[in-house]
Amino acid sequence: MIPGEFEYHRPATLADAVKLLSELGDEARPLAGGHSLIPMMKLRFATPEHLIDLGAIDQLKGICRDGNALVIGAMTTQADIINSAEIASLLPIIRETALLIADPQVRYMGTIGGNVANGDPGNDMPAVMMALGASYRLEGPEGARDVPATEFYQGAYFTALEPGEILTAISIPVQQAGHGYAYEKLKRKIGDYATAAAAVTLTMADGKVTDCSIALTNLSETPVLAEEAAQAVIGTSLDDAALKTAAAAARAVMSPATDARGTTEYRTHVGGIMVMRALQRAAARATA
Ligand SMILES: Cc1cc2nc3c(=O)[nH]c(=O)nc-3n(C[C@H](O)[C@H](O)[C@H](O)COP(=O)(O)OP(=O)(O)OC[C@H]3O[C@@H](n4cnc5c(N)ncnc54)[C@H](O)[C@@H]3O)c2cc1C
């Protein structure tokens, strides 16, 4: 359980980090909190020759309001997110999700940027970002571009990041006041990755759903937006029939592997239950 040899770099600016990453090519990897990358290196599933630590780049840290969006710097830790008053009041589903990630030790080191850039289908934040309509700012040798979270994930550990690019920030539209939200995660024990999880945001008027978004964690090779499931509940009061229709539509886009967390059939079954629970809890929280 000892990583292979590597050279450690700690650039002070984003420009230097991008330059290093571009010059060193495939053999270099950005290092954020290290709580996914270092375990992978210890198992020799990743053997980068150069680690480019982003920890000294202040512009990658912090949370700020930009018009109708909250912008979270990539090197903001899960603990910073949990302690942010702005996140708690404007985007509470992000705080709820951060509290379900691993344990306090991991959350003090693990970053939001590392969580969404990693491409691990078991990471919790990507589905939440999809449900919220977030976009990722990527900066590389050719300049900056914004990619919607829904277009970022291409396969397990494959993302839209091009060689030399660093994910610098996440921009998330502030949700309507009174919106309902819930992240439901089934896990085998505290600190584990999801067996199945679902993120829901919705708005209601006169007891009926007017807008809804549903996304799934660890139920496919990538996080998935369950668009038909969300459409199925619009205009309903989320009665039993609507919940069951949504669960069936969500199950239709799930394809979890059989693994230590359960068989494909079991994980698909409980995935539908996570969708129903998240819808019910989100509706109970909606106040508009
Ligand atoms: C015991 C344990 C339990 C865990 N349980 C969960 C869980 O339940 N849910 C969950 O979501 N996560 C879980 N994690 C993972 C944890 O949340 C990680 O911290 C997170 O996945 C990666 O964030 P990081 O900052 O540590 O990134 P790192 O490990 O440093 O990096 C991860 C990958 O992303 C790349 N990367 C990092 N930052 C950037 C960037 N800004 N731009 C481009 N590429 C970048 C790195 O090169 C690397 O390939 C767990 C980890 C541990 C050790």
Side-chain angles (χ1 to χ4, degrees), residues 1 3 6 8-11 14 17-18 20-22 24 26-43 45-57 59-61 72-82 94 96-129 136-140 144-145 147 152-153 156-170 183 185-197 199 215-218 223 261:
M1 295 285 277
F6 59 87
Y8 176 79
H9 308 262
R10 193 171 165 87
L14 179 61
V18 167
L20 269 171
L21 202 54
S22 312
L24 297 168
D26 282 352
E27 302 308 329
R29 293 276 281 272
L31 175 69
H35 274 57
S36 288
L37 183 53
I38 302 293
M40 295 283 267
M41 289 170 63
K42 286 182 169 180
L43 293 167
F45 291 147
T47 53
E49 290 174 12
H50 299 271
L51 286 187
I52 299 167
D53 187 348
L54 306 179
I57 307 174
Q59 86 178 81
L60 297 181
K61 295 173 191 163
I72 309 179
M75 288 299 287
T76 306
T77 65
Q78 306 290 358
D80 294 334
I81 282 169
I82 290 165
I94 296 182
E96 173 162 293
T97 305
L99 282 165
L100 291 171
I101 291 177
D103 51 50
Q105 282 173 306
V106 173
R107 298 196 293 256
Y108 277 122
M109 290 301 292
T111 66
I112 186 86
N115 197 285
V116 302
N118 194 21
D120 181 343
N123 280 162
D124 289 294
M125 285 295 178
V128 174
M129 295 305 158
Y136 302 156
R137 166 62 52 115
L138 312 181
E139 299 201 31
R145 63 192 179 112
V147 176
F152 184 74
Y153 300 98
Y157 298 99
F158 283 96
T159 68
L161 276 167
E162 294 288 347
E165 279 186 327
I166 290 173
L167 189 152
T168 57
I170 302 168
Y183 189 65
K185 175 175 176 179
L186 178 70
K187 50 190 188 304
R188 295 172 301 178
K189 56 179 181 170
I190 296 291
D192 195 15
Y193 289 87
T195 300
L216 311 169
T217 297
N218 224 7
R261 292 184 176 81

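We count ligands from 1, going down the list as the structure has it; atoms in each ligand are counted the same way.
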- Task: May I ask you to identify, for Gln105, whether its side chain, its backbone, both or neither come under 4.0 Å of ligand 1 on a heavy-atom basis?
- Result: neither
- For atom 1 (C) of ligand 1, the closest protein heavy atom turns out to be Val106 CG2, 4.2 Å
- Ranking Gly114, Ala28, Ala74 by closest non-hydrogen atom to atom 27 (O) of ligand 1, top hit is Gly114
- Task: Step through the shown structure and confirm whether more than 12 heavy atoms of other residues, nucleotides or ligands are within 6.0 Å of CG on Leu43.
- Result: yes
- Message: Check for me whether Asp192 has a heavy atom closer than 4.0 Å to any atom of ligand 1.
- Response: yes
- Can you find a side-chain donor-acceptor pair between Tyr193 and Asn218 that sits under 3.5 Å? no
- Task: For the pair Glu96 (side chain) and Tyr183 (backbone), establish whether a donor and an acceptor sit closer than 3.5 Å, ignoring hydrogens and angles.
- Result: yes
- Task: Give yes or no for whether the N/O distance cutoff of 3.5 Å, strictly under, is met between Ala32 and ligand 1.
- Result: yes
- Item | Stepwise salt bridge (charged side-chain N to carboxylate O under 4.0 Å, His left out) test for Lys61 and Asp80 | CA-CA 10 Å; Lys61 295 173 191 163; Asp80 294 334; over 6 Å; no
- Nearest non-hydrogen atom to atom 21 (O) of ligand 1 belongs to which of Gly33, Gly55, Ser36? Ser36
- The atoms of ligand 1 lying under 4.0 Å from a heavy atom of Gly191, numbered in the order shown, are 3 (C), 5 (N)
- Query: Can you tell me if Lys187 has a non-hydrogen atom under 4.0 Å from ligand 1?
  - Reply: no
- Message: Please verify the inter-ring angle class for His9 with His50; under 30° counts as parallel, over 60° as perpendicular, anything in between as tilted.
- Response: tilted
- Note on the structure: Near Gly110 (heavy-atom distance under 4.0 Å), the atoms of ligand 1 are 19 (O), 25 (O), 26 (O)
- Does Arg107 use its side chain to pair, donor to acceptor, with the backbone of Leu99 at less than 3.5 Å? yes
- Check: of Tyr157, Tyr193, Tyr136, min heavy-atom distance to atom 13 (C) of ligand 1 comes from Tyr193
